[in-house]
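Report on one structure; see the data block that follows.
In the text below, chain A, chain B and the rest are named by the order of the sequence lines, each starting its count at 1.
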There are 2 protein chains.
Amino acid sequence: MDKIDYKILNFLKEDADITNAALADKVYLSPSSCLRRVQKLKSQGVIKKTVAIIDEKVLGRNLQAIVEVDFDRHGTSSSAPFNERVKNEISVTKAYGITGESDALLFLSLVDMQEYEQVCERLFNNDKNVIRFRTSFVMKRIKD
Amino acid sequence: MDKIDYKILNFLKEDADITNAALADKVYLSPSSCLRRVQKLKSQGVIKKTVAIIDEKVLGRNLQAIVEVDFDRHGTSSSAPFNERVKNEISVTKAYGITGESDALLFLSLVDMQEYEQVCERLFNNDKNVIRFRTSFVMKRIKD
DNA sequence: TTCTTTTATGCAATAATATTGCATGGACAA
DNA sequence: TTGTCCATGCAATATTATTGCATAAAAGAA
């Protein structure tokens, strides 16, 4: 992990479609050396994977919501079932256990309000360990 | 945008490293047809770009924070300078204008607490339109 | 320092993959 | 039916990725 590796990561982080030859140019290496570095970074898990960024409007999930959740009990065993349900919920794109006022924060990428209602039912209303939740909807994307 | 296109998107969303031939197999098309669909989706902007997912630990940004921000005034002209600063702040990975209790929600990917302090200084403490902010730190990644 | 070992590099050959031209066939409208 | 349009598959071609190998640089060991 030297300076060149970081350069490579910073380029691929923004555009993984770039050809190896073009990337090699940018970091002043031969294509073969460059490729071997990229392969190494992948095998080491530094580059986890590469994904296509899809226009969410096209996928019909243009309603973004952020939900703060308060739990009754906070132990691992108490929140495990909740975490499982969260993982299986397609509309939940991100979920974190957090410090501060609330205990968890969820990101929802929804088709419409009807789906929101259904997700709430499954995740929050049916879970006795969830004592409260507060939802904010995304109006404007400042940075994404 | 038919069923096959959606299939393609769903595969590339998870793994853009897949070869065109392998993708073609999965959607039961010939490589050439499949490729032409992918190219079309890219030119249409349905596929915005493809990026490498980097292990954040390696990049030294392993401290994740979520900041809710309250503004004094909410008009476009009032929040424009804030939005500009947010865009220029490397550690801010996502930022949204939201409904509900707070006005904006920021995602920070930080090196350490010192950087957090500096970012707060630049974004919040020096902005008269920011009347309050509340930070939560990510303890556990339930889904990411 | 000097010698040895390891690791990274570039070049050139090769393999794999993407890309294009073209002919065919299906869907649809007149 | 007939014609047009568009997607498809095949095969040829162009790009790109990958590997072997010799050399050079870097990292240790004595």
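- To the nearest 0.5 Å, atom CD of residue A:Gln64 and atom OG1 of residue A:Thr93 are 6.5 Å apart.
- Classified by interplanar angle (parallel below 30°, tilted 30° to 60°, perpendicular above 60°), the ring pair A:Phe107/B:Phe107 is perpendicular.
- With respect to the salt-bridge test (charged N to carboxylate O, under 4.0 angstrom), the residues A:Glu101 and B:Arg134 do not qualify.
- A distance of 7.0 Å separates CZ of A:Phe71 from CG of A:Asp127, quoted to the nearest 0.5 Å.
- Rounded to an integer number of Å, the gap from CG of A:Leu23 to P of D:dT16 is 13 Å.
- Within 4.0 Å of A:Arg36, counting heavy atoms only, lies at least one base atom of the nucleic acid.
- Using a 4.0 Å heavy-atom criterion, one finds that A:Thr19 contacts the sugar-phosphate atoms exclusively.
- Residue A:Leu29 has its side chain nearest to C:dG10 when only C:dG10, C:dA8, D:dC10 are considered.
- One interatomic measurement links the two molecules: CD1 of A:Ile4 to C1' of D:dA26, which rounds to 13 Å at whole-angstrom precision.
- Candidate nucleotides C:dG10, D:dA7, D:dT19 were compared by shortest atom distance to the side chain of A:Gln39, and D:dT19 ranks first.
- In this structure, CG of B:Asp2 is placed 15 Å from P of D:dC6, rounded to the nearest angstrom.
- Between B:Asn20 atom CG and C:dT17 atom P there is a gap of 10 Å when expressed in whole angstrom units.
- Regarding A:Ile18, its CD1 atom lies at a distance of 11 Å from the P atom of D:dT16, rounded to whole Å.
- Taking only side-chain atoms of A:Ser30, from C-beta outward, the nucleotide of D:dT8, D:dT18, C:dG10 with the closest atom is C:dG10.
- A distance of 4.5 Å separates CG in A:Asp5 from CZ in A:Arg37, rounded to the nearest 0.5 Å.
- B:Asp25 places its CG atom 12 Å from the P atom of C:dT17, with the value rounded to the nearest Å.
- A straight line from CG of A:Asp17 to P of D:dT16 spans 12 Å, rounded to a whole angstrom.
- Closest contact between the side chain of A:Ser32 and the listed nucleotides C:dG10, C:dT19, C:dT20 involves C:dG10.
- At the phosphate of C:dT7, neither OP1 nor OP2 sits under 4.0 Å from any side-chain N or O atom of A:Lys40.
- Atom CZ in A:Arg37 sits roughly 18 Å away from atom P in D:dT19 (whole-Å rounding).
- When distances run from any side-chain atom of B:Leu35 to the nucleotides D:dG9, C:dA18, D:dT18, the shortest one goes to C:dA18.
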